[in-house]
Amino acid sequence: MKKHGKQAIIFILACIICALFIPSASGSPGITKESETLISSNASTWWDDRYGDAYLNCVSFNQDSIITCNGWQYACYYNQSRYVTVSRRQLPNGSWQHISLTDYQQSTNDNHNTISMGISPADGRIHLAFDHHSSTLHYRKSVSGLATNPSSYSWSSSQFESVQNNLGQGTITDLTYPSFMTAPNNTFLFYARIGTSGDGDNNIWRYNNNGSWTELGKFLEGGGENAYFHGICYDFGNRLHATWCWRATSSGTTNHDLLYAYSDDHGNTWKNNYGNTLATTGSDPIDPGKDFRVWSIPQEGGLINQEGMILDSQNRVHVISREDINGTNYQMHYWRDTGGTWHRVNTGIRTKIWDNRSKIAFDNDGNVYGILPNLQIASASFSSNYNDWSLVDTSDDGRFHHSEPLIDSMALRSQDNGVYVFVQAGTTGSTSPNLYVIRYSFNSSYPEPGDVNNDGSIDIVDALLIAQYYVGLNPPDFDPGKADTNCDGTIDIVDALLITQYYVGLITGFCQ
């Protein structure tokens with residue numbers, strides 16, 4: 001087809017859009033609580049004069065405390081004796097099995113000193129980093145294959161090696177906030193802060209898939225400030241994304257700004273939002289003077305550090321945070337669209353306690369879900385550009401007071417239409433040793449194929465987007481997986497015309 005013929009088709013479809021009424025999508029999507037499973041009735045507790053009840057097991061910077069791998073789910077926590085405990089079960093309904101690693105006992109009532117867990121897919125090892133607040137590294141790993149061939153191994157402490165203070169290059173000191181990251185291509189990384197609040201740096205290590213690590217070096221230099229990460233995680237295409245705020249002093253009131261960087265080489269070099277390479281790990285790290293800011297947020301603005309970040313299945317970046325608006329602190333949603341533009345949405349949901357933080361999840365259709373403390377669930381739809389935030393489940397509100405909910409991000413990325421939430425029970429007046437995993441399913445159910453912009457309806461806009469894609473215009477928020485409406489293996493103008501016929505009622509389905 002000649003170029004002017006293709007342009008004519010787009011023009012005709014655009015005219016149809018102007019002439020026809022296109023119904024609006026439905027409101028914010030809902031969720032259903034499928035199950036609640038007790039992991040342990042022996043999780044650690046301690047009383048804190050500031051908060052009342054306080055825990056080491058459910059804090060937002062635990063990345064991760066619950067992981068699904070190869071059909072099994074793993075959880076880590078301190079038990080009542082303050083021993084690191086690792087539990088597993090076979091999904092969907094297997095019984096939990098527990099290991100307590102009794103050669104190391106945690107003793108400090110400081111909720112910085114949490115446990116982070118990772119699984120290296122290439123060799124099936126479980127990795128644990130624990131009990132840090134400007135401390136010497138405490139790290140241990142399992143035998144090879146434990147997570148990739150779980151039925152072949154007994155679940156016992158003998159499967160874990162002894163505690164190490166290094167990753168092969170000498171003792172690591174002054175460490176806080178350890179985290180593991182797993183790429184779709186099985187690259188496995190570890191990062192942590194080295195230094196103190198208000199003046200810390202961040203280093204990164206790459207796993208060699210054989211039990212050893214290579215230090216890449218410093219990727220972020222505080223330079224008199226400190227970066228607090230909302231998250232560092234991979235998208236579905238092996239790009240590593242990082243969002244953070246700066247803190248000017250040791251006081252949380254000096255948190256400011258939203259910063260963003262990404263890396264296409266697993267953390268060796270870092271680009272800003274505009275695609276400019278501005279930092280190299282080990283030699284020229286990110287620092288406060290470089291152009292990584294994507295949103296200005298002032299000090300004393302009610303911004304909390306280390307809340308939540310996720311990459312959805314269309315590789316959009318989502319950050320959940322909070323700010324003061326006219327004297328009231330609200331949950332805020334920042335998101336980066338597929339064209340690289342950042343947006344800010346005030347959810348209208350008040351925060352109950354300023355430094356009790358949330359997580360964010362997504363479904364296959366691009367909708368997002370705020371997993372809020374205490375426990376409350378909120379959601380917003382992609383079709384509204386996330387402007388329809390509302391609470392959709394408060395049935396457990398108050399059961400998990402001060403427990404910062406964590407999610408199983410690996411299970412979420414498997415796109416099984418739900419999310420697992422890791423929480424510890426407790427009320428305003430009492431602690432509880434009961435640790436749970438709650439499974440929620442997403443209620444959004446949109447027709448496929450056809451809904452190429454994931455807005456909840458099949459209409460003329462979808463036809464126009466397919467026509468634009470066909471002539472190479474690269475439309476934003478376009479899902480090519482839903483565009484082949486006649487299932488012939490190609491995306492062309494026939495697919496757009498079939499959607500038009502479906503919209504006006506001439507056909508009732510696709511791929512028939």
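Inspection of the Glu307 and Ser60 side chains reveals no N or O donor paired with an N or O acceptor under 3.5 Å. Looking at Gln73 and Arg89, their side chains do bring a donor and an acceptor atom within 3.5 Å of each other. Side chains of Ser152 and Asn149: a donor-acceptor N/O pair is absent below 3.5 angstrom, by distance only. In this structure, a donor-acceptor pair under 3.5 Å is absent between the side chains of Ser157 and Gln159. For the residue pair Tyr77 and His98, a side-chain donor N or O sits within less than 3.5 Å of a side-chain acceptor on the partner. Judged purely by distance below 3.5 Å, without hydrogens or angles, the side chains of Thr37 and Ser35 never pair a donor atom with an acceptor atom. Between the side chains of Ser40 and Asn42, no donor-acceptor pair of N or O atoms lies under 3.5 Å. Using modelled atom types and a 3.5 Å distance limit, the side chains of Ser100 and Thr102 yield no donor-acceptor pair.
With sequence neighbours excluded, no residue forms a side chain to side chain donor-acceptor pair (under 3.5 Å) with Thr148. For Asp123, the salt bridge (Lys or Arg N to Asp or Glu O under 4.0 Å) partners two or more places apart in sequence, or in a different chain, are Arg125. In this view, Asn315 satisfies the side chain to side chain donor-acceptor pair (under 3.5 Å) rule with no residue, not counting sequence neighbours. Partners of Thr281 by side chain to side chain donor-acceptor pair (under 3.5 Å), not counting sequence neighbours, listed by chain and number: Trp270.
Residue Ile349 comes nearest to Ala378 through the heavy atom pair CD1-CB, 3.5 Å, listed as atom of the first residue, atom of the second, then distance. Nearest heavy atoms, Met309 versus Ile232: SD-N, 4.4 Å. Counting all heavy atoms, side chain and backbone alike, Lys359 lies closest to Ile407 at CB-CG2, 4.2 Å.
Under the salt bridge (Lys or Arg N to Asp or Glu O under 4.0 Å) criterion, no residue pair touches residues 58-81, with sequence neighbours excluded. Legend: salt bridge (Lys or Arg N to Asp or Glu O under 4.0 Å) pairs involving residues 330-340, not counting sequence neighbours: none detected.
Checked against the 6.0 Å centroid criterion, the rings of Phe190 and Tyr207 do not qualify as a close aromatic pair. Taking the six-membered ring wherever Trp is involved, the centroid distance between the rings of Tyr369 and Tyr440 does not fall below 6.0 Å. Taking the ring centroids of His318 and Phe362, they lie at or beyond the 6.0 Å cut-off.
Between Asp408 and Arg439 there is no salt bridge, since no side-chain nitrogen of the basic residue lies less than 4.0 Å from a carboxylate oxygen of the acidic one. Using a cutoff of 4.0 Å between basic side-chain nitrogens and carboxylate oxygens, Asp462 and Lys482 are not scored as salt-bridged.
Test Thr136, Asn113, Thr108 against Asp131 for side-chain hydrogen bond (donor to acceptor under 3.5 Å, both in side chains) and you get one pass: Asn113. The only option from Val317, Leu311, Asp312 that meets the side-chain contact (heavy atoms from CB on, under 4.5 Å) definition with Asp235 turns out to be Leu311. Checked against Tyr191 for a ring-ring contact (aromatic ring centres under 6.0 Å, His included), the options Trp244, Phe229, Trp205, Trp213 give a single hit: Phe229.
Remark: the backbone N or O of Tyr334 is not paired with any side-chain donor or acceptor of Arg344 at under 3.5 angstrom.
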